[in-house]
Amino acid sequence: MKKGLLDSILRTKVPIIRAVEVPHLAIAGGEVLALVGESGSGKTTLGRLLVTLEKPTSGEIYFHGERVKGRRAVMGLRRKVQMVFQNPADSLDPRMSVKGIVTEPLTTKGLSRREREGQFESALSLVGLDSSTFAERRSRDLSGGQRQRVAVARAIISSPEFVVLDEPTSALDASVQSQVLNLLARIHDQLGFTYLFITHNIAIARYIADTVAVMYAGQIVEIGPAQQVLSKPKHPYTQALFSSVPSLDRKEVAPPTGEVPSLVNLPKGCRFNPRCPYAMEVCRTTDPPFFDVDGEQAACWLYK
Amino acid sequence: MENEVPLSGQSGWRFTVRFLVHDRAALAGLVIIGLFLGWGLVEGVMQYIASYTHVASWGWKLLPSDPISLSLKNSLAAPTLSNLNNLFGANYEGQSVLSQLLYATPHDATASVLVVASAIAIGMMIGIPAGYIGGWTDEILMRITDAFLAFPYLVLAIAFSVLLGEGFTTVLLALVLIWWPTYARYFRAQAISLKNRNFVEASKLSGVGPLKIMLRHIFPNSIDPVIAQATLDFGSVILLYSTLAFLGIGLELNYPEWGSMSSLGVSYFPASWWLVLVPGATIMVIVVAFSLIGDRLQDLVAGRLTY
Ligand code: SF4
């Protein structure tokens, strides 16, 4: 973080905001990892870190076992990753046509016009839009669902290996949400990209994910196979999170009582200890590492 | 939340024009500016022919009378409706004020269009990289910009024309020098707000380099608000251009110009009031007309940005 002039004169300490601290997160090729957590837990920041839109202050990112560091590695990685943003209205350039937007990732690849044309048509048909109808339209002529389909088409046209989907359906109408979700699942089955699916909706995580990671206050607290994490959560935070879903109709993640700690002023020891019903002495002093429990991992002293 | 219906079908130039035409004040502004620029073009072409063929009279073929030669029996004739030539009266040298106003139009029109266009071009080249790249680039470019902004503009213009000598080009250069920093600031602000939008990040992720992002995304999306601002500035440029001429900076005195016309008229005020008031009122009408359009355009842009 950059210090202001006044701060350096007065020698005040600029608080370091620890948005995310992820000890270790590996995503296997071809799988769908759902990142679940309340808003403000740092899910989006983690997604942006992985696609190099955010720079890590410390730590390393590996892609296919190779460390991503320096401008060249970053530019190289950018050719293989894509992101679908939460708000489709903001993710399409209002001045450009659908065709211009979707084919932009191809402009750096030195393809002929014909090839680009062909890829545009197949990308649009993959997301269920008619390419001749939509090619010349602008973002403002599209509905929310159509915009998000266009954003997905742009993300997949250059055949990336890794796609971060940042709550891709949460800004859409309920009826449209399931269509887009089905579409994403179908594309994954057909093309086999690796997805990082950021969501706060448990039903969506259950529907689409192979692996689920739960985030609290900037840290992953539990990670494991989707079925297991969702049906038998181990970490007290995950348990509180899921038990607060009162009926099957309410599938949104509702936070347990109490407040998410401010990321500037985190509690000592386990970040969840002020709200945890099982908090022990050790929880207030030492940050828990990951422990293996029943084929998944939880960062909680209960499983020592 | 939105639904499966497109949000708005209204957009683009056609919409902008319809919007302006339906607003009476803006329509009045459009008509006045149309006449001003249209006449400026016609009379400009005539004066070009005059200088090209070395037949000076081509320059006032379309005017009621020769705006440059003396005609002493018409000296200080009062405005009258019975004689088109003296509609706005005549000056001490007997030259028709109407003819001089019309003769000077191309200069004011050219000045405003050229100055604003060049200021936008320079402002864009400085402001967009400053805002988009940020860091040291921003620091350096903006310190330079601030240095220009901090100078009192009249002092800057006078110093500049003393340095380069009098003449139309000098005045234009001085005006551009005064105006570009404002545009650099606008473009920088736009670039800063645009660079974190998702669509810019998406093209970063597509491996598009910074130069292309600036050209393809930042510039086209920042031009609307800048144009709205520029419309207001056309009037201000004419005003300052006339002020400089009024102060005797710029054009040679025997060449009629709105500012210098009213400046010369001051010695005959208030007896021959028309010499000061007619050119002054003309400048005012043009400035107000530009600001009528500019205000509406700014409303439009502000509304459009919230969609
Ligand atoms: S480590 Fe302690 S405080 Fe943290 S979740 Fe486990 S039991 Fe609760």
inquiry  = If I take atom OG from residue B:Ser203 and atom CE from residue A:Met96, how far apart are they, to the nearest 0.5 angstrom?
reply    = 8.0 Å
query = Can you say whether A:Leu92 sits under 4.5 Å from chain B via the side chain, the backbone, both, or neither, judging by heavy atoms?
reply = backbone
key: Neighbourhood of chain A inside residues 211-218 of chain B, taking heavy atoms under 4.5 Å as contact   = B:Arg216, B:His217
query = With a 3.5 Å cut-off and no angle check, do the side chains of B:Asn198 and A:Asn87 form a donor-acceptor pair?
reply = no
message = To check you understand the geometry: which heavy-atom pair defines the closest contact between B:Phe199 and A:Pro94, and what is its length?
response = CE2-CD, 3.7 Å
query = What closest approach, in Å, do B:Leu205 and A:Val51 show between heavy atoms, and which atom pair accounts for it?
reply = CD2-O, 3.1 Å
task = Please look at A:Arg48 and chain B and tell me whether the side chain, the backbone, both or neither of the residue comes under 4.5 angstrom of a heavy atom of that chain.
result = side chain
request  = Looking only at non-hydrogen atoms, find the nearest pair between B:Ser206 and A:Gln82 and report the distance.
outcome  = OG-NE2, 3.5 Å
request  = Name the option with the most non-hydrogen atom pairs under 4.5 Å to chain B; the candidates are A:Ile101, A:Thr107, A:Val81.
outcome  = A:Thr107
task = Go through A:Asp93, A:Ile157, A:Val84, A:Leu106 and name the one with the most non-hydrogen pairs under 4.5 angstrom from chain B.
result = A:Asp93
